[in-house]
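Chain naming here is simple, since letters A, B, ... match the order of the sequence lines and numbering starts at 1 in each. The structure displayed is predicted, hence computed values, not measured ones. Side chains included, hydrogens not; waters and symmetry mates left out as well; all remaining heavy atoms used.
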Amino acid sequence: MTARSVSITFAGSGGAGVMTAGNMLLDAAGRAGWYAYMTRSSGAQIRGGEAAAMMRLSTSPVQSHDDRFDVLVAIDWQNVGRFSAEIPMTSDGLVLGDPDGGEFPEQIGAKGARRADIPFKKMAKEIEGGRPNMIALGAVAGLVGLPEDAVLGVVRDSLAKKGEAARTASEASVRAGMAFAAGLPACPRLAAAEGQSERLWSITGNEAAGLGAVRGGIRFVAAYPITPGTEVLEWLAPNLAKLGGVLVQAEDELASINQIIGASYAGVPSLTATSGPGLALMTESLGLAVASETPITVVNVMRGGPSTGIPVKSEQSDLNIALYGLHGDAPHLVVAPNSLADCAFSTQWAVHLADSLQTAAIVLSDQSLGQSRATIAPPADPGFRAIRLMPEGEAAERYRRYTNTASGVSPMAVPGMKGYQYTADGLEHNEYGTPSSAAADHSAQLDKRLRKLAVHDYGQHWADIEGDGDIAVLTWGSTTGPVREALERFRASGGRARLVSIRLISPVRPEQLAAALEGVARVLVVEQSHGAQFHRYLRAHYDLPGSVRAFHRPGPLPIRPNEIFRQLADWS
Amino acid sequence: MTARSVSITFAGSGGAGVMTAGNMLLDAAGRAGWYAYMTRSSGAQIRGGEAAAMMRLSTSPVQSHDDRFDVLVAIDWQNVGRFSAEIPMTSDGLVLGDPDGGEFPEQIGAKGARRADIPFKKMAKEIEGGRPNMIALGAVAGLVGLPEDAVLGVVRDSLAKKGEAARTASEASVRAGMAFAAGLPACPRLAAAEGQSERLWSITGNEAAGLGAVRGGIRFVAAYPITPGTEVLEWLAPNLAKLGGVLVQAEDELASINQIIGASYAGVPSLTATSGPGLALMTESLGLAVASETPITVVNVMRGGPSTGIPVKSEQSDLNIALYGLHGDAPHLVVAPNSLADCAFSTQWAVHLADSLQTAAIVLSDQSLGQSRATIAPPADPGFRAIRLMPEGEAAERYRRYTNTASGVSPMAVPGMKGYQYTADGLEHNEYGTPSSAAADHSAQLDKRLRKLAVHDYGQHWADIEGDGDIAVLTWGSTTGPVREALERFRASGGRARLVSIRLISPVRPEQLAAALEGVARVLVVEQSHGAQFHRYLRAHYDLPGSVRAFHRPGPLPIRPNEIFRQLADWS
Amino acid sequence: MEATSTCPSYSARDYKSEVKPVWCPGCGDYSVLGSITKALAELSIPPESVALVSGIGCSSRLPAYTNVFGFHGVHGRALPIATGIKVSRPELTVIASGGDGDGFSIGGNHFMHACRRNVDMTYIVMDNEVYGMTKGQASPTTAPDWEKSKLTPQGTGINPFHPLVIALAAGANFIARGFSGDQNGTAQLITEAIRHPGFSFVQLLSPCVTFRPEQRDWKDMVHPAAVDPTDDPARAARRLMTDDGFNVGVLYRGSRKPFQPERQASVDSVADLEKEFVL
Amino acid sequence: MEATSTCPSYSARDYKSEVKPVWCPGCGDYSVLGSITKALAELSIPPESVALVSGIGCSSRLPAYTNVFGFHGVHGRALPIATGIKVSRPELTVIASGGDGDGFSIGGNHFMHACRRNVDMTYIVMDNEVYGMTKGQASPTTAPDWEKSKLTPQGTGINPFHPLVIALAAGANFIARGFSGDQNGTAQLITEAIRHPGFSFVQLLSPCVTFRPEQRDWKDMVHPAAVDPTDDPARAARRLMTDDGFNVGVLYRGSRKPFQPERQASVDSVADLEKEFVL
Ligand SMILES: Cc1ncc(C[n+]2csc(CCOP(=O)(O)OP(=O)(O)O)c2C)c(N)n1
Ligand SMILES: Cc1ncc(C[n+]2csc(CCOP(=O)(O)OP(=O)(O)O)c2C)c(N)n1
Ligand code: SF4
Ligand code: SF4
Ligand SMILES: [Mg+2]
Ligand SMILES: [Mg+2]
């Protein structure tokens, strides 16, 4: 039984080394030329509680989970039951555990999957310094058919600094696990890796966002930590320094957003990253960036809401605040990566757009993109840079910072440019920037700020469009992965359908979407929010053709391909 | 020439006493049984610059401006030109000014109105302690036919404390103005006042909101000043004290919103008032009120946006942030007063709903409602009170603060209730309030928080519906006044049309609106925002029948009845 | 300060809930929970008369572990919530608690203004010189050369925040420092803080064993304050500005009148207020 | 601190714009504008090398009246904007300015943390003990018994905020007080503040003639500081905590190193960074 994709969960109590095993499996798969994807889950405890590494290995690129897991391997059973809802399995599945690993959780038993024992503890005792998690790694590698070389290579590299003894013990543990696997009930083995010319990358979505930021030219970052946005900042801290840039830890989000407004005003492309509660604190100053036309980028990594909500889980429920959370009429950019790897592209593009259009850009990532890790083909630099239109030559007359150009974009001077001094203002102003409450100035500046976003040529990047047929699935962000997979199955089952995943959420692109949906009779809208925020947004701004259905539900559980497939299959 | 409504502007430089004249005219009209409405405008200077009092006197209730002014009286011409755009006039209009009052502004001349001189300075010199603004008051009173008694009565009462001499001088000035008016070109005189049994009130929208708050039971207010919301707070400060309540001035809006959350948690109905920038700072904690189910009311008096925008002018552009500005799925109440007097009703109702439904309510008023003054028939107390569902009897088992009732409303204990201790939480939680990231708890609590708003019976108050016919004008808030007036004219010209002014903006009432629009073939949506926020909101949540047109434009100029009338008349 | 004479007596356990803390084994906050419940028992305040408010952070999880009325608000805003409670219900005993990040970074403004406003409540900060909850970033009290945070791998390079000095400069009415490892001593400080009228601030050194394991050594570094608490702010300032940060005990006792808006004895009806509008 | 030797020389007028101030006649802020432009002329800093940032309030309107690069931000956030500018463009001369409400009420947290962070910039607060722009409410520096605000008709009942004491406690590197009525003296203070490395704080008593007409009397109340500025924080604390609020001059000069993240001399390419991802 070979498969093109196999899904495995490692689980166990705090200290069992679940994440290490998962990370090594991912790296080993990547080195063997397979694609791998991993999310993590942990208990309520701050640190050191039970944990689960949910993995998917595949012969083709993969950045989201399957419907169910083929293998669950528990290093012990301590509290592993709490992950049950996150580990769907069928009777085909295989549950592996240590008979000495504590009481077997009912909820896991209820799945009706096949069971087999691995005596991790006992086996580990038999090896000097033997480690149960490495035995588990070996067992899984053996089950799915990962080459021993790849696994041992990763083990050796990871433990390089831990010394000879640790390395030998781990190697022996992995080998023991692999040997043991031979006697285990069969589970799907991965088909041979498709030849990869390049070496794959192992990266998280948050790291990818950081990479996109520096590729785009970000050289100043202000930071206030918040789960799950922190790692964007943590990746940037040392890397910005290497590029001659700077990261400042701020006292709060009010400070961080205003620091980046200041740095950008001074001419340095600037960014911060946050999550819902932090974004909420930033909206007043996002409006300042819009009104003063100061480019900034805010990466918002969404988590479960409202309020403090569910910080460690994913949801697409900050769409409303990202689109509409600013007071007054404050048009700005909202860009949403629709895969882990796309966090790099979308962030870079947003940085480029923010500077090109002199406004605020919000990048709407989410926990499931940001905190997941995958092996991916190295993403080429698409070349987008933060480049501003600046005034040229000597200032002849008094500088009109907010001159009402046809494009809506006005040349922006930065401190140091002699003769171009002006005062940026969040008060409504005339072309010079002088405060004005005149109706003519207000409407001219409102028009200009709207126009510059509307008339810009965003090329093909506003959405990812795939397939054809008179059914379309409209989605955005992280649900794109499962939608894509559902559509593959739908097509395999004889259906025809399109995928439209909108990357440029704001400004809206009604003509482009109409073209993308031409000939469509049914539209299925898919999103992960309780309030159907995306669907409401579509209704507000677009005319969707034919009959429209909305499939939406909140987190914390990811939306699975079969949920979407069923929507399509049942729609008759 | 008698009219049912006459519009007058007093204008002049700082210190000319323009506002005093306007206020006295308003009071005098009210005492004479007429209705009066007044807005004010001033120059860019912080204090003491040029000012204009825009008045409308009418035989029937009036709380918005007409298309044009019948009379402009300038005590001097210093900078009065800057108000030109705010004082539409036709050739029928009458411009009165002092030939010694400085250069006559071109923009005013361009209106082509009739002109006449009043030598204010000279006349004032002839009276011992004579005052130009009182002469202007007298002249206008004479022109429009206000009884001398009423004017002199107001003068006497207002100057009671200023001593005999001041009073006599002012009286003489008023009389001189009235005498002079006899020789002025005719202008529309007000028809006789319709018999008023009750004495009218003179009140601003912000005062009315304050009154609604205390009527509803508000006894704790936290305050951070901001134009144009400050006067709600300033009215409440001494009045709350008289009722045994408390107002605390907070260090910022983050503090004010959290102070009211605390006081409300402690059992005292609580409120704050702000404007756009302050509301933006409050959205994170509004989400806390929603998630922790702590009732609070925030009165947001809208001004021109985005960012600091145009603080002293009106706009309906905070609709988006009020509706969608909270991160996560955070259903809450948004209630919009649609007239100056309705600020009392709507605020009181919002306070009642917030406590009844244990959530956050935003009252969306605006500068044109809040800072205007009108004489109105005393509004009866509609009886809405902040009353909470509380647990009864002794706590038998562990208290479930967030118990999942059918109505979605759970009995809420307050500190002091023995056995009912619980911890309110903004983290997602189970019925006890204990943090939980389980999918079942998340979805149960999200459902409950949505359901309690959805199933509540809001009676007829969700909208004001008037008239019939197959045309409907859909609007909200302060634009309701001019829409109503446009519809009267439309009907007078033989048209038939309905007015639907939505007071309950959130939650949405799709069935009720569908019923209100039954048989409608054309819908005109009217609002004062650049981004057509109300129209987008309607599209998102309602199915509007027939063909739909949106008439929207930003502030600072108020939308006039004729703009709307033209939309209706031109729609063929 | 509640009347203690007529109250039934309570044990520390009466103030604890059934909810299991999410804290790491060995976290200093367990002991702080113990100290707070002991102090409340010592004062015999009925659990239903206590409101305990926090922000967000490991330490801010504390209220749910008690059996009093709790409020776990948003990050940095515990003090305004506590202020709203106390001003509107002066008869309650109000305590705010949380971490150094919550209180001194995002919540710094409320901290200053709460000291200044001097509402009669107690503010307990579990200071571990780190953001525990978000996995180990520098907080305002972190030493400038601590290089273990990924966000500031070279250290912050910034002078640490001196909470006690700021509290004094801003006008707090009672200032104490304690160490979580000394549960009884800390309970005593909290008891005194609650008893003292006005805004009482208690800084508790409470180790984060996960991200700052070296803080286990604090137990050997703390020492009782050498002198008695002063009520002279200027003298207290000099002392606090030069202390080593491990001086434990009550360090300042002021005598400012607490802020509590007076309520009128005779209360008007709303109808009375309406008279002002009548023309 | 900009190099002054090679620069052309400027007059105060070169730093003024054509925009007419919205201030009331007699407002103290006119004179502050004069002092700032004089200080810049004295230092001969090219106008295009200066960034002047403010929040919202009457006083915060100041940048537009100058001819330097200005930023009129939102209420309370001048300091973070100034921080972003200075840290990313260290060669600029950065000044933040605004009112007592902007800086000490809504902006209080940034004030403390800016003192602590000690970025090389100057913060000028025009203190009139009132919110001028919103028509006369009490600010943090307002006396507790000022009853002229409609919002607090009984007075605030709260101890006023002591900006200089807080600045010192938080770690400002230079602290001075001036009076707007003395334009030249104030210009001198601002000059010194700009020259001094690190975070310099200058409190300027600047009367609001409209809402606090009694502040016209300040001219008779101010007096030069009796002693020379100290560099000992503890001594400075004692002095500032006991001063009468009208002591004018440089009151504290610290010698802490300004915060300026070091930039690596040899800069990597983005492609270099990507290596860490390669399996
Ligand atoms: C507005 C907002 N910003 C950021 C966060 C993320 N956050 C949660 S706790 C915390 C810091 C907690 O540090 P501290 O108060 O010292 O508590 P500890 O965990 O150390 O006890 C942060 C930054 C948040 N929840 N909300
Ligand atoms: C977020 C926000 N809250 C409130 C306001 C309203 N506001 C504008 S200026 C101001 C106070 C100004 O006082 P201060 O800083 O002392 O300046 P002054 O006018 O006295 O010079 C306030 C409260 C605002 N613009 N933004
Ligand atoms: S991370 Fe640190 S502060 Fe948080 S629970 Fe663990 S030990 Fe305590
Ligand atoms: S209100 Fe006061 S602070 Fe504002 S401009 Fe007038 S005098 Fe100056
Ligand atoms: Mg901490
Ligand atoms: Mg002020």
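Contact of C:Leu151 with chain A is made through backbone and side chain together, with heavy-atom distances under 4.5 Å. With a threshold of 4.5 angstrom between heavy atoms, A:Ile46 approaches chain C through its backbone and through its side chain. Contact annotation for A:Pro225: both backbone and side-chain heavy atoms come within less than 4.5 Å of a heavy atom of chain C. Heavy atoms of C:Phe104 lying under 4.5 Å from chain A are absent altogether. Contacts of C:His72 with chain A are absent, with no heavy-atom separation under 4.5 Å from either backbone or side chain. Looking at A:Ile226, the atoms closer than 4.5 Å to chain C (heavy atoms on both sides) all sit in the backbone: N, CA, C or O.
Salt-bridge formation is not detected for the pair A:Arg303/A:Glu315: no Lys NZ or Arg NE/NH1/NH2 atom is positioned less than 4.0 Å from an Asp or Glu carboxylate oxygen.
No side-chain donor-acceptor contact under 3.5 Å links C:Glu147 to the backbone of C:Gly155.
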I would like to know whether C:Ser54 and C:Arg61 meet side chain to side chain contact (heavy atoms under 4.5 Å, CB included); could you show each step before the answer? CA-CA 7 Å; C:Ser54 67; C:Arg61 289 293 195 113; over 6 Å; no
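Aromatic ring centroids of C:Phe111 and C:Phe201 lie under 6.0 Å apart.
There is no side-chain donor-acceptor pair under 3.5 Å between A:Thr272 and A:Tyr224. Donor-acceptor pairing under 3.5 Å is lacking for the side chains of C:Ser206 and C:Asn128.
Ranked by heavy-atom pairs shorter than 4.5 Å toward chain A, the options C:Gly76, C:Ala138, C:Gly107 are led by C:Ala138. When the candidates C:His75, C:Met133, C:Lys20 are compared by the number of heavy-atom contacts under 4.5 Å with chain A, C:His75 comes out ahead.
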